[in-house]
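Remember, predicted model here, so these are calculated numbers, not experimental data.
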Amino acid sequence: MNEVLERRFNEIGARVKFVNLSRRDLQSDLKIVVDVKRDKNGEFFEVASDSFENIIVPNVVPKDRHLLLIHKDESKKIINKAKFLCGHDETHWFAASIPESVRNVVDVDSAKQALKPKEVIAVESQQNLTKFKPQAHLHRNRARVRQGEWFFIPVEKTFNQIEILKNEPIQRGRSKPHICEELVRFGGNTVMVNSRFPNGISVNEYDNLIKSDPKMAKLSWRRMSRDMKVFVRGKIRHPDHKTVSLRIWYEVIPNEETKARSRRNLAFLD
């Protein structure tokens, strides 16, 4: 079975390795984890599962270097399906979890559409862009701009100079931050973030943690905001993506991956 799956990944020019789930994952309700790792030969996909015979790849698009991977969890009365869009985006391989709530994800095209938040679908519909048109999945089209997991939707807004922050990061979980030349944020919750708490903990939780374990105060903490309204302008930089230049203000909208069970611990931080 693994040989069949390996050939499917080879069709998009990717390497793949299959491993058993770690003890940590076995203790959760996850039955499969798909990630991108690196060895001396470069990047490769790592598929960790306890039942490889339940994995299928129903659709491969070699020209686009994308495929759809599905894992059927038949251990419960109701069959659950975990779906992943695996592919190449600009310079690196990626694996994105598809929210279980989205139905009729049967191929690469519908998987890409499923990762779009409702705000992006709305502006693309206004511009008569649908998943059946090639322009709908470009990094930039007449409705919006995309860089990695972030969508940018143009807005007619002006801000006072005092509200504009310079060279601010936006990120989710342990991912590398995208650096925004100009950024304005509203609302959200203040959190304390470090390598042990990549999604952040509340200020009260931080205070209680320090009281119970003073040594934790010596860690490198950063005060950030979570789940806020964010607007950006100027250059958006990331080491794995081409720099995006935004001449006007755009609202920042993350893709829908956080709604998948396998990515539920991701958070929008800036």
Side-chain angles (χ1 to χ4, degrees), residues 12-14 35-38 42-43 61 63-66 85-96 108 111-113 115-117 119-121 123-124 127 129 133-186 188 193 195 198 222 224-258 263 266-270:
I12 64 172
D35 202 354
V36 176
K37 300 290 184 68
R38 176 180 288 275
E43 291 181 332
V61 184
K63 184 177 181 180
D64 194 33
R65 303 182 77 181
H66 284 67
L85 178 64
C86 302
H88 197 271
D89 189 26
E90 297 183 303
T91 60
H92 291 272
W93 296 105
F94 73 90
V108 167
K112 289 182 177 181
Q113 193 70 10
L115 285 169
K116 294 180 181 180
E119 296 89 344
V120 170
I121 292 175
V123 296
E124 289 188 340
Q127 295 293 332
L129 294 171
K133 294 185 178 180
Q135 296 89 343
H137 300 317
L138 295 176
H139 286 89
R140 183 189 291 263
N141 59 35
R142 58 179 178 270
R144 51 78 189 159
V145 178
R146 180 179 70 82
Q147 186 186 65
E149 69 269 38
W150 302 104
F151 288 94
F152 306 99
I153 299 175
V155 293
E156 294 183 2
K157 286 185 175 292
T158 57
F159 300 105
N160 295 325
Q161 196 63 34
I162 195 173
E163 297 175 307
I164 301 174
L165 304 174
K166 301 293 186 179
N167 299 314
E168 283 287 295
I170 55 175
Q171 68 181 113
R172 291 200 303 197
R174 298 180 185 276
S175 62
K176 300 176 186 177
H178 296 239
I179 306 301
C180 307
E181 185 175 0
E182 293 185 312
L183 179 147
V184 175
R185 71 166 69 95
F186 295 100
V193 179
S195 58
R222 181 172 185 176
M224 301 185 77
S225 298
R226 183 168 64 192
D227 301 327
M228 68 303 295
K229 279 272 190 180
V230 174
F231 302 89
V232 296
R233 185 176 65 177
K235 296 184 183 300
I236 314 298
R237 297 181 173 86
H238 189 275
D240 298 340
H241 300 283
K242 295 179 181 178
T243 297
V244 169
S245 294
L246 307 175
R247 294 185 177 181
I248 62 173
W249 288 104
Y250 283 68
E251 183 174 0
V252 180
I253 308 290
N255 70 15
E256 295 287 272
E257 190 177 7
T258 55
R263 289 294 186 270
L266 292 176
F268 177 6
L269 301 170
D270 92 326

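- For the pair P154 and Y250, the tightest heavy-atom approach, listed with the atom from each and the gap, is N-CD2, 3.3 Å.
- Taking NE2 from H92 and NE2 from H238, the interatomic distance works out to 8.5 Å, rounded to the nearest 0.5 Å.
- Scanning both residues, P177 and Q171, for their nearest heavy atoms gives CA-CB, 3.8 Å.
- To the nearest 0.5 angstrom, L246 atom CG is 8.5 Å from Q147 atom CD.
- Contacts classified as salt bridge (Lys or Arg N to Asp or Glu O under 4.0 Å) and involving residues 147-160 (residues at least two apart or in different chains) are not found.
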*Tell me, with the steps shown, if D89 and R146 meet side chain to side chain contact (heavy atoms under 4.5 Å, CB included).*
CA-CA 11 Å; D89 189 26; R146 180 179 70 82; 3.4 Å; yes

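- Scanning both residues, F94 and L85, for their nearest heavy atoms gives CE1-O, 3.6 Å.
- A 4.5 Å side-chain heavy-atom check between D64 and K112 finds at least one atom pair inside the cut-off.
- Ring geometry for F186 against F159 counts as tilted: the plane angle lies between 30° and 60°, on a 0 to 90° scale.
- Summarising the geometry, atom CZ belonging to R65 is positioned 13.5 Å from atom SG belonging to C86; distances are rounded to the nearest 0.5 Å.
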_side chain to side chain contact (heavy atoms under 4.5 Å, CB included) between E119 and E251, intermediate numbers included_ = CA-CA 10 Å; E119 296 89 344; E251 183 174 0; 5.9 Å; no

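- Checking each of Q135, R142, R144 against E124 for a side chain to side chain donor-acceptor pair (under 3.5 Å) leaves exactly one that passes, namely R144.
- When all heavy atoms of N255 and P117 are compared, the closest pair comes out as CA-CD, 4.2 Å.
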*Could you go step by step and tell me if I164 and W249 meet the side chain to side chain contact (heavy atoms under 4.5 Å, CB included) rule?*
CA-CA 11 Å; I164 301 174; W249 288 104; 3.7 Å; yes

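- If you take NZ on K242 and NE2 on H139, they are separated by 8.0 Å, rounding to the nearest 0.5 Å.
- Nearest heavy-atom pair across Q113 and I121 is NE2-CG1, 4.1 Å.
- Proximity of a side-chain donor or acceptor of E181 to a complementary backbone N or O of R233 within less than 3.5 Å is not detected.
- In this structure, H241 has its ring center under 6.0 Å from that of H178.
- Distance alone, capped at 3.5 Å, places no donor-acceptor pair between the Q127 side chain and the A143 backbone.
- In this structure, C180 SG and W150 CH2 are separated by 8.5 Å, a value rounded to the nearest 0.5 Å.
- Of all non-hydrogen atoms in V61 and I12, the two that sit nearest each other are O-CG2, 4.2 Å.
- At least one donor-acceptor pair under 3.5 Å links the side chain of T91 to the backbone N or O of D240.
- With salt bridges taken as basic N to acidic carboxylate O contacts below 4.0 Å, one links E182 and K166.
- The CG atom of L183 lies 7.0 Å from the CD1 atom of I170; values are rounded to the nearest 0.5 Å.
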